[in-house]
Novice: 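Could you have a look at this structure, given as structure tokens, before my questions?
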Amino acid sequence: MVIAIDGPAGTGKSTIAHLIAEKLGITYLNSGSFYRAITLAALENGIDVKDESALLAFAKKQRLDYVNARLVLNGVDVEGKLHSDAVDAGVSGVSSVVEIRHLVNARLREITKSQSIICEGRDMTTVVFPNAEYKFYLDASIDVQAERRFKQGVSNLSLEEIKEAIRKRDEMDKNKAEGALKMAEDAIYLDTSLLTIKDVCEIILGKIHV
């Protein structure tokens, strides 16, 4: 079984997917972590993330694994480094490279061959798992998105700077040549702005029959 969730940053996708995975006893898969890990590795190795050919050649050499809902890059758990301001600034550009999307999507599909999963990202319902049994699109106002990100405490930016960064990233994500952020026609839409995490989990679980 595949449960796919899409939506912009700050809508609660990661937290909700993680909780539902625990509730149903299935694997949680965060697609964004794969792009963030490639971005992190490129930055740490002096690779220009705007040089697509160099970035792709570098990405092909990286080993990406997912263990206990944590991203393991070349044998090292890097989950704690994936949400720095530098990674935030570069990840949308990295994930815009079509060939890198193909690499990551192939890895995601490989992981899901042997187990039931819940995955979240930008194009899970439209590109990666178009035949997922359950599809959801989570949304929230830009003010709520920024406030949630700010409260995570992993950014050194001000609330207004975070809001502008999210606005720019969402705009980039919606205009990607491939894997753009958009809602699948058969996805269930949920605006989480005024809902608690518990509210959203209950709504989603109410739609899933296992």
Novice: Quick one, H83 and R149 - any side-chain contact, counting heavy atoms below 4.5 Å?
Specialist: yes
Novice: Under 4.0 Å between a side-chain nitrogen and a carboxylate oxygen: does that hold for E44 and K81?
Specialist: yes
Novice: Mind listing the closest non-hydrogen atom pair of A21 and I118 along with its distance?
Specialist: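 That closest heavy-atom pairing would be CB-CG2, 3.6 Å.
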Novice: For the pair E120 (side chain) and A17 (backbone), establish whether a donor and an acceptor sit closer than 3.5 Å, ignoring hydrogens and angles.
Specialist: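 Side chain of E120 to backbone of A17, a donor-acceptor pair under 3.5 Å: no, none is there.
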Novice: So, for E79 and S33, which heavy atoms are closest and what is the spacing to 0.1 Å?
Specialist: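 It is OE2-OG, 3.9 Å.
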Novice: State whether the number of non-hydrogen atoms from other residues, nucleotides or ligands found under 6.0 Å of K176 atom NZ is greater than 12.
Specialist: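 Enclosed: over 12 neighbouring heavy atoms sit under 6.0 Å from NZ of K176.
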Novice: Applying the side-chain contact (heavy atoms from CB on, under 4.5 Å) test to L82, which of V91, L73, L71 qualifies?
Specialist: L71
Novice: Evaluate side-chain contact (heavy atoms from CB on, under 4.5 Å) for V87 paired with S84, printing each intermediate quantity in order.
Specialist: CA-CA 5 Å; V87 172; S84 68; 3.3 Å; yes
Novice: Does N68 have more than 12 heavy atoms from other residues, nucleotides or ligands lying within 6.0 Å of its CG?
Specialist: no
Novice: Quick one: ring pair (Phe, Tyr, Trp, His ring centres under 6.0 Å) partners of F34, sequence neighbours excluded?
Specialist: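 Testing F34 for ring pair (Phe, Tyr, Trp, His ring centres under 6.0 Å), a comparison that skips the adjacent residues, returns Y66.
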Novice: Carefully, step by step, assess K135 and F129 under the rule side-chain contact (heavy atoms from CB on, under 4.5 Å).
Specialist: CA-CA 9 Å; K135 300 180 182 181; F129 299 110; over 6 Å; no
Novice: Report the residues that fulfil side chain to side chain donor-acceptor pair (under 3.5 Å) with N175, sequence neighbours left out, ordered by chain and then residue number.
Specialist: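 With neighbours one apart ignored, the set is E171.
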Novice: Just so I know, are the side chains of Y134 and M1 near enough to count as touching, which here means a heavy-atom distance under 4.5 Å?
Specialist: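 Side chain of Y134 against side chain of M1, heavy atoms only: contact under 4.5 Å found.
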Novice: Could you tell me which residues satisfy side chain to side chain donor-acceptor pair (under 3.5 Å) with T15, sequence neighbours excluded, listed by chain and number?
Specialist: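 Counting only residues at least two positions away or on another chain, T15 forms no side chain to side chain donor-acceptor pair (under 3.5 Å).
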Novice: Are L138 and I16 close enough that some pair of their side-chain heavy atoms sits under 4.5 Å apart?
Specialist: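 Contact flag for L138/I16 side chains = yes.
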Novice: Each residue besides V67 in its hydrophobic cluster should be listed here, by chain and number; the cluster joins Ile, Leu, Val, Met, Phe, Trp and Tyr at side-chain heavy-atom distances under 4.5 Å.
Specialist: V72
Novice: Of all heavy-atom pairs between S92 and M172, which one has the smallest distance, and what is that distance?
Specialist: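 Closest pair (atom of S92, atom of M172, distance): OG-CB, 3.4 Å.
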Novice: Any non-hydrogen side-chain atom of L40 less than 4.5 Å from a side-chain atom of R36?
Specialist: no
Novice: Is it true that K174 and D170 make a salt bridge, defined as a side-chain N closer than 4.0 Å to a carboxylate O?
Specialist: no
Novice: Show the numbers, then the answer: is there a side-chain contact (heavy atoms from CB on, under 4.5 Å) between I26 and I117?
Specialist: CA-CA 5 Å; I26 61 178; I117 61 118; 5.8 Å; no
Novice: Between the side chains of T126 and D6, does any donor sit under 3.5 Å from an acceptor?
Specialist: no
Novice: For G32, is there any backbone N or O sitting under 3.5 Å from a side-chain donor or acceptor partner on N30?
Specialist: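 Yes.
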Novice: Using salt bridge (charged side-chain N to carboxylate O under 4.0 Å, His left out) as the criterion, list what pairs up with D191, not counting sequence neighbours.
Specialist: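 For D191 there are no salt bridge (charged side-chain N to carboxylate O under 4.0 Å, His left out) partners, ignoring immediate neighbours.
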Novice: Assess whether side-chain contact (heavy atoms from CB on, under 4.5 Å) is satisfied between E178 and H102, documenting all intermediate values.
Specialist: CA-CA 10 Å; E178 186 172 316; H102 292 170; 2.8 Å; yes
Novice: Show me, pair by pair, the donor-acceptor contacts under 3.5 angstrom made by side chains of residues 198-210, not counting sequence neighbours?
Specialist:
unit_1, atom_1, unit_2, atom_2, d
D199, OD1, T196, OG1, 3.3
D199, OD2, T196, N, 3.0
D199, OD2, T196, OG1, 3.1

Novice: Please name all residues satisfying ring pair (Phe, Tyr, Trp, His ring centres under 6.0 Å) with Y28, sequence neighbours left out, ordered by chain then number.
Specialist: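 By the ring pair (Phe, Tyr, Trp, His ring centres under 6.0 Å) rule, Y28 matches H18.
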Novice: Check salt bridge (charged side-chain N to carboxylate O under 4.0 Å, His left out) between D143 and all other residues, then give those that pass, not counting sequence neighbours.
Specialist: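 Listed in chain order: K163.
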Novice: Who are the salt bridge (charged side-chain N to carboxylate O under 4.0 Å, His left out) partners of K151, not counting sequence neighbours?
Specialist: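 E147.
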Novice: Output the rest of the hydrophobic cluster of I162: all Ile, Leu, Val, Met, Phe, Trp and Tyr residues reachable through side-chain heavy-atom contacts under 4.5 Å, sorted by chain and number.
Specialist: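 Members besides I162, by chain and number: I142, F150, L157, L159, I166.
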Novice: Assess the side chains of T125 and D123: does a donor N or O sit below 3.5 Å from an acceptor N or O?
Specialist: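 Looking only at side-chain atoms, D123 and T125 do not form any donor-acceptor pair under 3.5 Å.
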Novice: Tell me every residue that passes side chain to side chain donor-acceptor pair (under 3.5 Å) with Q62, counting only those two or more places apart in sequence or in another chain.
Specialist: N74
Novice: Is it the case that the side chains of D139 and T11 hold a donor-acceptor pair, with the cut-off being a distance below 3.5 Å and no angle test?
Specialist: no
Novice: Consider only side-chain N and O atoms of R148 and T192, and report whether a donor and an acceptor are under 3.5 Å apart.
Specialist: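 Yes, because at least one side-chain N or O of R148 sits under 3.5 Å from a partner of the opposite role on T192.
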Novice: Not counting sequence neighbours, which residues clear side chain to side chain donor-acceptor pair (under 3.5 Å) with E164? List them please.
Specialist: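 Side chain to side chain donor-acceptor pair (under 3.5 Å) check on E164 returns R167.
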